[in-house]
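The figures here come from the full heavy-atom set of this structure, side chains too, leaving out hydrogens, waters and symmetry mates.
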Amino acid sequence: MKRIVRLLLLFCLLTGISVFSSMAAPDPNEGLYNMAQYFPANTEAFFVTRIDEAFVDEMDTLSSTLTGELLEFGVPKMSLTQAAQLASGMNLKQILGWLGDYMAVAQYPAAEEMFEGYAPTSYSAVILVDDPAAVDEFLSELLVNTGMNREEDKDNIVYSDGYIQFVITPDTLRLYFTGDSISLDEGTLLDTDNYQKAVAELPLDEYNIGVYVNLEATITNEIPPADQEVIDTNLGGLAVGFTSVDDTTLIADIVHAPLEYTEYDGSGRVDASFLANIPDAMSSVAAGSDLAHVITTSINEMNTIEERMDGELDVPDVNEPFAEVGIDLQADILDWLTGEYAVFGHIDTVPIVKDALAYELNLNGRFDFGVVADASADPAAAQRLVTRLGELLAEAPADDAISLRQDVIAGTDVTIITIDTEISNPFITVGCKEEPAKSSLSFELVLGANDELFVFATRPLADTVLAGDYAGIDSTEAYQSATQYF
């Protein structure tokens, strides 16, 4: 599959850095992200995609290649437009010929307030249109005998049943789910500082798909208007841009732009050499740096929100639950967790899918996952944490499915957690074959730390990492190919 999509997402979200800092940012007032002009300022979530012929052709090529790889599972090779036509009976290419370049969907509070001041959620979609007459003719045939009434209102054509509403304007097709067109009297999403700031921070000047989440609105829209004056979270907006290159490589850029933030000093930049600690057999990895700073910043932000809300929000002391089990959050964790860290894993997908097609479930020996963190700042502290976590596990109530033992792997003292249980087989509920309701699941987890690394991983993976004799994921062709776009 890696010859189809060479994908490596090293998450810069937590560190707030952009690896494309030298490239131009998209202009929110043009192209893809300009579709925000059709949605209200208090929009909580916004999705926009290209639908032009070139992009659809690109998706057809990708989907045909992907389905071609699934022939052994009985999935026919098929393009996106072929699948759409098979499912709906419509000629997607013909329909797209009437439309413009972009389509967007958004979530926001409905205009009519309910539930003692709370606003129910509503959704709408907007598609740019090149041939409104063709769209009108298509809808009139599609919606016949559905109870939809067609009316002409000035330059617009409206199909409505009192709840769902299609509105054809000279340049758009709009779909509403609340009976009334949304009001833009209070401004549009495009006009908001959160949106402008987040989109402008994206590193590339063009994307195929865009996502925006107004983190501020997701909180304030759930609070009665009378209480919203005390909310000042400084969360800002989250913008995501997706694009592809070479017809094989997917790029996803993620930017969180709070309303106020200090200039990044570079201290949280991921050291790519740490990826040598991730075995090359892993299929996915998320890496970051200075987790202690991330945790501390999050704690401080929550305390700041509590202060801004003037006592309306009670933020618990995060040190208390750790202290109750004999762990000092600062000394035992944060003081040494200042280096690189990574979460990674691998699933042997093919045999799992083959078993699923036979209404069977067998995960044993077919997955691995792990977490590693740089412990070199204070190996003794990391080892004390491992010891205490092992003691807490031993003190937990007995469970027949879980057993513990102490062992040594590559000279490192570790706690081994053996899990031997049964899980429900979800496939028998959709098949006609009689199968046992349960499938066995057995695996071991290892918790340990040496002078270099803190490790929590499945047994085969922990054996490999602690022994240290393996090629890192940074040596693989897929990684080398992906990093040229960093």
Side-chain angles (χ1 to χ4, degrees), residues 8-17 19 264-300 318 322 327-346 368-390 408-417 445-476 479-480 482-483 486:
L8 181 64
L9 297 179
L10 296 180
F11 286 83
C12 297
L13 174 61
L14 296 178
T15 59
I17 56 177
V19 292
Y264 171 65
D265 62 6
S267 61
R269 187 177 298 276
V270 176
D271 182 356
S273 66
F274 184 75
L275 296 178
N277 295 295
I278 314 302
D280 60 352
M282 296 300 99
S283 56
S284 60
V285 56
S289 183
D290 198 355
L291 186 57
H293 175 73
V294 174
I295 295 172
T296 301
T297 300
S298 300
I299 294 171
N300 292 340
V318 295
F322 289 94
I327 296 176
D328 185 315
L329 177 60
Q330 187 65 46
D332 295 338
I333 300 178
L334 298 182
D335 281 351
W336 63 268
L337 202 57
T338 55
E340 319 315 304
Y341 62 94
V343 181
F344 47 92
H346 172 75
D368 276 304
F369 63 87
V371 178
V372 296
D374 181 2
S376 61
D378 192 342
Q383 291 158 10
R384 285 197 307 270
L385 177 62
V386 166
T387 299
R388 182 56 188 149
L389 291 175
V408 177
I409 298 177
T412 300
D413 293 331
V414 299
T415 296
I416 297 180
I417 307 154
L445 294 169
V446 175
L447 179 65
N450 56 26
D451 289 344
E452 300 296 329
L453 295 173
F454 168 92
V455 178
F456 178 65
T458 49
R459 178 63 189 267
L461 201 50
D463 287 346
T464 299
V465 172
L466 290 172
D469 186 18
Y470 57 91
I473 198 171
D474 58 337
S475 66
T476 64
Y479 175 87
Q480 296 293 339
T483 53
F486 282 14

Identify the residue among F344, F456, F454 that makes a side chain to side chain contact (heavy atoms under 4.5 Å, CB included) with V372.
-> F344
How about D328 and F322: do any of their side-chain heavy atoms sit closer than 4.5 Å?
-> no
Hits for side chain to side chain donor-acceptor pair (under 3.5 Å) against Q480, two or more places apart or cross-chain, chain-then-number order -> none
Mind checking the OG1-CD1 spacing from T458 to I417? Nearest 0.5 Å is all I need.
-> 11.5 Å
Can you check whether I327 reaches L389 side chain to side chain, under 4.5 Å on heavy atoms?
-> yes
Interatomic distance, L337 atom CG to L334 atom CG [nearest 0.5 angstrom] | 7.0 Å
Point-to-point distance, once rounded to the nearest 0.5 Å, from CG of D378 to OG1 of T338 | 9.5 Å
Side chain to side chain contact (heavy atoms under 4.5 Å, CB included) test vs L466 passes for just one of L461, V408, I409, L453, namely I409
What closest approach, in Å, do A471 and S475 show between heavy atoms, and which atom pair accounts for it?
-> CB-OG, 3.7 Å
Within-4.5 Å side-chain heavy-atom neighbours: R459 and D368 = no
Validation row: P279, V465 side chains within 4.5 angstrom (heavy atoms) = yes
For the residue pair A462 and A457, what are the closest heavy atoms and their distance?
-> N-CB, 4.0 Å
For D280, the side chain to side chain donor-acceptor pair (under 3.5 Å) test, sequence neighbours excluded, returns none
Using a 4.5 Å cut-off on heavy atoms from C-beta on, say whether the side chain of N277 contacts that of Y470.
-> yes
CG-CG distance between L291 and D374, expressed to the nearest 0.5 angstrom | 12.0 Å
Inter-residue atom distance I333.CD1 - R388.CZ, 0.5 Å rounding = 12.0 Å
Does the side chain of D413 come within less than 4.5 Å of Q383's, by heavy atoms?
-> no
So how far is it from H346 NE2 to I278 CD1, rounded to the nearest 0.5 Å?
-> 14.5 Å
N450 and A375 have their tightest heavy-atom pair at O-CB, 4.3 Å
Kindly give the heavy-atom pair with the smallest separation between P379 and D451, and that separation in Å.
-> CG-O, 3.5 Å
